[in-house]
Amino acid sequence: MDVVLPDFIDNVHKTLSQSLKDEIKPGSKISIAAACFSIYAYQELQNELKNIDELLNELQN
């Protein structure tokens, strides 16, 4: 049996923003557990976030 390991995000060869862009699909529901989701993060992902159904910041609820 082959074991598939998750990608390693080192922000050099693979970035978190690129990983999210690859995974966010229209109709996605996204939950973020971070102290802040900066305007820079939103700007980087705004095209992908336009098509999602829900975005929650778990630390603000």
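- For I52, the side chain to side chain contact (heavy atoms under 4.5 Å, CB included) partners at least two apart in sequence or on another chain are I24, S28, I30, L49, L55.
- Identified under the salt bridge (charged side-chain N to carboxylate O under 4.0 Å, His left out) test for residues 11-22, with sequence neighbours left out: D7-K14, K14-D22, K21-E44.
- Of the inter-residue distances, the one linking Q18 atom CD with H13 atom NE2 reads 14.5 Å to the nearest 0.5 angstrom.
- For S17, the side-chain hydrogen bond (donor to acceptor under 3.5 Å, both in side chains) criterion is met by T15, not counting sequence neighbours.
- Annotation: salt bridge (charged side-chain N to carboxylate O under 4.0 Å, His left out) contacts involving residues 25-40, sequence neighbours excluded, are absent.
- Residue pairs that meet the side-chain hydrogen bond (donor to acceptor under 3.5 Å, both in side chains) test with at least one member in residues 45-54, sequence neighbours left out, do not exist here.
- Listed by chain and number, the hydrophobic cluster partners of Y40 are I39, where partners are ILVMFWY side chains within reach of under 4.5 Å, directly or through others.
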